[in-house]
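Have a look at the structure below, then the notes.
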There are 2 protein chains.
Amino acid sequence: MAKPPNPARRSESSRQAILAATGELCSQVGYGRLTIEAIAARAGVSKKTIYRWWPSKGAVVLELLGETATIATAPPDTGDLAADLHTMLTEIVDILTRDSAGTGVISEALNDPDLARDLRERLIQPGIDAFKQRLRRAQDAGRLHPDADLDVALDLLYGPIYHRMALHLGMPGPAYLGSLITHALRALTPPTPH
Amino acid sequence: MAKPPNPARRSESSRQAILAATGELCSQVGYGRLTIEAIAARAGVSKKTIYRWWPSKGAVVLELLGETATIATAPPDTGDLAADLHTMLTEIVDILTRDSAGTGVISEALNDPDLARDLRERLIQPGIDAFKQRLRRAQDAGRLHPDADLDVALDLLYGPIYHRMALHLGMPGPAYLGSLITHALRALTPPTPH
DNA sequence: GATAAACGACACGTGTCGTGTCGTCAGGAG
DNA sequence: CTCCTGACGACACGACACGTGTCGTTTATC
């Protein structure tokens, strides 16, 4: 029934004020205590304006994350696979460590299928594609087993990060990240190189 | 100020009614829509009684999960390490797949440090201990590299499950679980067996 | 410059939260 | 067996955030 708004007439300044207010409030009070009302008040904006363009608080934070995302852009390729993986994994660890926006959206998406779809399509899947793209190059270069399953590779490399996040086991530091990468690569490399 | 209640005089029947109502409602409407008020109404109990013994909805669901937890009990040991790991991982996958209680508590704990502490102490850590206990036996039997880091092993094996849960990548089936275990074990086994 | 619609403001009903109050009832202590 | 403390069910309460509706005002497109 409610006719969809016309994006051409959308106020860009309001949009940016909303995202800015969301970021500030989220880092101040945390994602859990973040409310639409507070965002509207801080941004000097009517609640109606927020609800006109976003379905939920999670969607706003998701868009905020998307604004500053370098994730999905082309993955690093220095020739050193382990180093490149370390770079990519570190970026995720940083996002999940910096403030509560990242973990907040993930936690909300666990109970909100619509938000989950948005999250996957707009942030996760591009990251996965970039990751697999990098691994495929390594495979072509003979650095990985030719039959290696890239889904397994993804799970082995990124799994530990989300495991430790979900269960509050402490986020991995650089050294431990290196150890994880070493082990994962061992599982994906031909057993007898020599 | 609020004096702590006396557990000796606690009504066991109310407690069980609350947990039962929580389970029924959670599977009906999902964890996200579960409310303390609804639990109280369904259990025929005053809200005050719930708040007297639990600090939050998450704590109630956590206790419910603890009631039916086989997780922390002694891990299986058939002699076949891969098969035992498959059994253990399958149990977690089942819990996270069955209803929304498991993922609900995990998602809530991401934004609630107190709940996170309870979750880790009462469910996660015992499970980790049992897992490491089983792996240590495998290590003693020479099935694992003597220097293998059991924290890495934990991350490689359980990580993929939580990774796929958090990012809605689809929970692994038995076959894929087997593939993950094979790869993880390859990373933890002496490189040149022969 | 006209006009349609997005905007800020504000009010509204709803639902849930967490707490307070009160009379009742049960189960340990003596 | 009786007393008496305190947990119980019931209900009311204020606070808060939700999501929607209304109404002038403003703004950007045509």
Side-chain angles (χ1 to χ4, degrees), chain A residues 1-22 24-26 28-63 100 104-105 107-108 111-112 114-115, chain B residues 1-22 25-26 28-63 100 104-105 107-108 111-115:
Chain A
M1 276 305 163
K3 55 185 67 174
N6 180 359
R9 302 197 54 172
R10 180 171 187 182
S11 166
E12 177 63 17
S13 63
S14 289
R15 180 180 160 275
Q16 288 183 0
I18 290 167
L19 292 182
T22 300
E24 296 163 8
L25 285 172
C26 194
Q28 281 178 14
V29 305
Y31 181 88
R33 300 190 204 286
L34 185 67
T35 66
I36 298 276
E37 308 232 13
I39 295 173
R42 159 80 83 130
V45 148
S46 170
K47 275 196 297 175
K48 204 77 197 268
T49 302
I50 299 182
Y51 283 112
R52 178 148 40 221
W53 301 108
W54 291 278
S56 66
K57 134 181 138 175
V60 180
V61 179
L62 175 57
E63 179 155 336
S100 60
V105 169
S107 84
E108 193 113 308
N111 289 309
D112 181 341
D114 292 333
L115 180 62
Chain B
M1 274 306 162
K3 54 186 69 174
N6 182 358
R9 301 193 58 170
R10 181 173 186 179
S11 165
E12 177 63 18
S13 63
S14 290
R15 180 181 160 275
Q16 288 182 359
I18 290 167
L19 292 182
T22 301
L25 285 172
C26 194
Q28 281 178 13
V29 305
Y31 181 89
R33 300 190 206 285
L34 184 66
T35 66
I36 297 277
E37 309 233 11
I39 295 173
R42 158 81 83 130
V45 147
S46 171
K47 276 197 297 173
K48 203 78 198 269
T49 301
I50 298 182
Y51 283 112
R52 180 148 38 222
W53 301 108
W54 292 279
S56 67
K57 138 180 137 176
V60 180
V61 179
L62 175 57
E63 179 156 335
S100 61
V105 169
S107 84
E108 193 114 307
N111 290 310
D112 182 340
D114 291 333
L115 181 61

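None of the values given here were measured: they were computed from a predicted structure.
- Put simply, A:Ser14 has a side-chain N or O that comes within less than 4.0 Å of OP1 or OP2 on C:dG8.
- Crowding of B:Arg33 atom CZ: a count of heavy atoms from other residues, nucleotides or ligands under 6.0 Å not exceeding 12.
- Within the 4.0 angstrom heavy-atom criterion, only backbone atoms of the sugar-phosphate kind lie near A:Ala8; the bases stay farther away.
- The base of D:dA17 has none of its N or O atoms less than 3.5 Å from a complementary donor or acceptor on the side chain of A:Thr35.
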Inset, instruction - List the steps, then state whether side-chain contact (heavy atoms from CB on, under 4.5 Å) holds for A:Leu62 with A:Trp54. - result: CA-CA 10 Å; A:Leu62 175 57; A:Trp54 291 278; over 6 Å; no

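- Candidate nucleotides D:dA10, C:dT19, D:dC18 were compared by shortest atom distance to the side chain of B:Ser46, and D:dA10 ranks first.
- Where B:Pro5 and B:Lys47 each meet DNA chain D at their nearest nucleotide, the meeting point lying more 5' is that of B:Pro5.
- Within the structure, every side-chain polar atom (N or O) of B:Arg9 is placed at least 4.0 Å from both OP1 and OP2 of C:dG28.
- Atom P of nucleotide C:dG28 and atom CG of B:Asn6 are separated by 9 Å, given to the nearest angstrom.
- Considering CG of A:Asp114 and CD of A:Glu108, their distance stands at 11.5 Å, rounded to 0.5 Å.
- Residue-to-nucleotide proximity on DNA chain C shows that, of A:Arg52 and B:Pro55, the 5′-proximal contact is made by A:Arg52.
- One finds a side-chain N or O of A:Thr49 lying less than 4.0 angstrom from the OP1 or OP2 phosphate oxygen of C:dG8.
- Taking only side-chain nitrogens and oxygens, B:Trp54 never comes nearer than 4.0 Å to OP1 or OP2 of C:dG18.
- Each of B:Ser11 and A:Ala38 was assigned the nucleotide of DNA chain D with the nearest heavy atom; the assignment lying further toward the 5' end belongs to B:Ser11.
- For the pair A:Arg15 and A:Trp53, the cation does not sit on the ring face, since its NZ or CZ is not both under 6.0 Å from the ring centre and inside 45° of the axis.
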